[in-house]
Amino acid sequence: LEFRRVLFRSDAVERVMGGGHRRALVLSRPPGHHAEADRAMGFCFFNNVAVAAAHARALGAGRVAIVDYDVHHGNGTQHIFENDGDVLYISTHQFPYYPGTGSADEVGYTGGAGRTVNIPIEMGATDDDYRLVFEQVVLPVLRQFEPDIVLVSAGFDAHERDPLGAMRLTTGGFVAMTAALRTLAESACDGRLVLVTEGGYDLRALGECLRTLAILRPWWGYRRLYRLLRREGLQVNRKRVQRVYREAGLHVRQRPRKRV
């Protein structure tokens with residue numbers, strides 16, 4: 001099973017790097033970002049996003065960016081690439097918390113110095129806190145790095161309903177972060193974006209987040225997304241969906257019209 005998952009990750013990267021798809025969402029269980037190069041750790045056997053990053057490099061990506069918004073720090077991902085100047089690792093995580101790594105002064109070594117960007121956040125952080133972190137740190141650093149592909153360690157255990165974390169992110173907050181990364185990828189690397197799932201232990205919250213991200217289209221108005229989410233049986237707030245669209249800048253985009 002584990003080796004089949006490696007193939008799925010590689011296939012997603014190949015499709016995006018090859019131009020067959022601009023984006024991919026890899027539903028991977030168990031998660032992977034705690035796995036070190038030589039050992040399993042914290043529910044993780046293989047480091048899924050590290051495999052994806054290495055494969056993207058082999059396919060010609062000169063620079064790979066990894067953004068990790070799981071509630072836990074991805075110690076394995078950081079350690080695998082902390083000496084590599086062509087892989088940028090950015091992590092937003094609850095701190096102090098498991099696994100104990102991820103302080104702001106961990107910035108990489110030798111050729112990779114400055115390519116590790118840890119953003120430790122105190123427990124109880126909300127959508128607005130994460131929005132500020134993205135606006136002031138995550139997105140500017142990504143623009144400066146100019147990646148050829150953006151990979152996301154998409155953990156949803158910072159959700160307010162998750163039993164492990166102590167953050168207060170909502171489904172809308174995850175949509176806003178991911179939409180911002182999607183917009184950045186479109187301007188920086190022709191839209192090449194691959195999401196690989198990490199943690200997320202409240203099934204309802206996990207389902208909400210994944211279904212929303214899977215059906216999101218930038219040319220949709222917020223009303224259409226709201227109706228689809230309600231049709232899925234999700235209890236969502238219409239004003240919150242509208243706010244997410246405004247925060248992510250999606251409301252100003254229009255779907256190209258077909259010529260008659």
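The shown structure was predicted, so the numbers you read here are calculated from the model rather than taken from an experiment. One-based numbering along the sequence shown.
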Quiz item: Does the pair E208/R161 count as a salt bridge with the N-to-O cut at 4.0 Å?
Solution: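 Between R161 and E208 there is a salt bridge, with a charged N closer than 4.0 Å to a carboxylate O.
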
Quiz prompt | Pair R192 + D190: basic N to acidic O under 4.0 Å | solution =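 Salt bridge present between R192 and D190.
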
Quiz item: Between I66 and V87, does a side chain to side chain contact (heavy atoms under 4.5 Å, CB included) hold up when you go through it step by step?
Solution: CA-CA 7 Å; I66 302 171; V87 177; 4.0 Å; yes

Could you state the interatomic distance from [atom1] ([X]) to [atom2] ([Y]), rounded to the nearest 0.5 Å?
{"X": "C209", "Y": "R204", "atom1": "SG", "atom2": "CZ", "answer": "11.0 Å"}
{"X": "S28", "Y": "L195", "atom1": "OG", "atom2": "CG", "answer": "12.5 Å"}
{"X": "T171", "Y": "L210", "atom1": "OG1", "atom2": "CG", "answer": "10.0 Å"}
{"X": "Y89", "Y": "T77", "atom1": "OH", "atom2": "OG1", "answer": "5.0 Å"}
{"X": "H159", "Y": "D157", "atom1": "NE2", "atom2": "CG", "answer": "11.0 Å"}
{"X": "L151", "Y": "L193", "atom1": "CG", "atom2": "CG", "answer": "8.0 Å"}

Those residues that, when tested against [X], pass side chain to side chain donor-acceptor pair (under 3.5 Å) (two or more places apart):
{"X": "T92", "result": "none"}
{"X": "S103", "result": "D105, E106"}
{"X": "R15", "result": "D11"}
{"X": "D162", "result": "none"}

Does a side-chain heavy-atom distance below 4.5 Å link [X] with [Y]?
{"X": "H79", "Y": "N75", "value": "yes"}
{"X": "E160", "Y": "L169", "value": "no"}
{"X": "P147", "Y": "V64", "value": "no"}
{"X": "R23", "Y": "V16", "value": "no"}
{"X": "N48", "Y": "F46", "value": "yes"}
{"X": "H55", "Y": "E14", "value": "yes"}

Identify the heavy atoms of [X] and [Y] that sit nearest to each other, and give their distance.
{"X": "L184", "Y": "S187", "answer": "O-OG, 2.9 Å"}
{"X": "L206", "Y": "G200", "answer": "CD2-O, 3.7 Å"}
{"X": "L142", "Y": "A65", "answer": "CD2-CB, 3.5 Å"}
{"X": "G102", "Y": "F95", "answer": "C-CE1, 4.1 Å"}
{"X": "A12", "Y": "A24", "answer": "CB-CB, 3.9 Å"}
{"X": "S91", "Y": "G74", "answer": "OG-N, 4.3 Å"}

Quiz prompt | salt bridge (charged side-chain N to carboxylate O under 4.0 Å, His left out) contacts touching residues 31-49 (sequence neighbours left out) | solution =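 Residue pairs with at least one partner in residues 31-49: there are none.
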
Quiz prompt | salt bridge (charged side-chain N to carboxylate O under 4.0 Å, His left out) contacts touching residues 53-67 (sequence neighbours left out) | solution =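 Only R57-D84, R57-D86 qualify under salt bridge (charged side-chain N to carboxylate O under 4.0 Å, His left out).
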
Self-check item: With sequence neighbours excluded, residues passing side-chain contact (heavy atoms from CB on, under 4.5 Å) with V137
Solution: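 side-chain contact (heavy atoms from CB on, under 4.5 Å) list for V137, sorted by chain: V117, I119, V141.
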
Quiz item: Partners of A40 by side-chain contact (heavy atoms from CB on, under 4.5 Å), sequence neighbours excluded?
Solution: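 By the side-chain contact (heavy atoms from CB on, under 4.5 Å) rule, A40 matches F45.
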
Quiz item: Is it the case that one hydrophobic cluster holds both F81 and M41, taking links as side-chain heavy atoms less than 4.5 Å apart, direct or via other members?
Solution: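 Unlinked, F81 and M41 end up in two clusters.
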
Exercise. Could I get the full list of ring-ring contact (aromatic ring centres under 6.0 Å, His included) partners for H34, not counting sequence neighbours?
Key: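 So H34 forms a ring-ring contact (aromatic ring centres under 6.0 Å, His included) with H72, Y98.
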
Exercise. Give every residue pair that meets the ring-ring contact (aromatic ring centres under 6.0 Å, His included) criterion with at least one member in residues 174-193, sequence neighbours excluded.
Key: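 ring-ring contact (aromatic ring centres under 6.0 Å, His included) check on residues 174-193 returns Y69-F174, F156-F174.
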
Exercise. Provide the full list of ring-ring contact (aromatic ring centres under 6.0 Å, His included) pairs with a residue in residues 125-145, sequence neighbours left out, each pair given once.
Key: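 Qualifying pairs, neighbours excluded: none.
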
Quiz item: Does any donor atom in the side chain of S153 or D70 lie under 3.5 Å from an acceptor atom in the other side chain?
Solution: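 Distance-only check fails for S153 and D70.
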
Quiz item: Just by distance, with hydrogens left out, do H33 and D68 show a side-chain donor and acceptor under 3.5 Å apart?
Solution: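 The answer is yes; a qualifying pair exists.
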
Practice problem: Quick one: which residue pairs count as a side-chain hydrogen bond (donor to acceptor under 3.5 Å, both in side chains) with a foot in residues 112-123, not counting sequence neighbours? | Solution: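 Counting only pairs at least two positions apart or across chains, the side-chain hydrogen bond (donor to acceptor under 3.5 Å, both in side chains) contacts touching residues 112-123 are H73-N118, Q78-N118.
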
Self-check item: Test side chain to side chain contact (heavy atoms under 4.5 Å, CB included) applied to V67 and T178, L88, L181, the passing residue
Solution: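 Going through the options one by one, the only one that passes is L181.
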
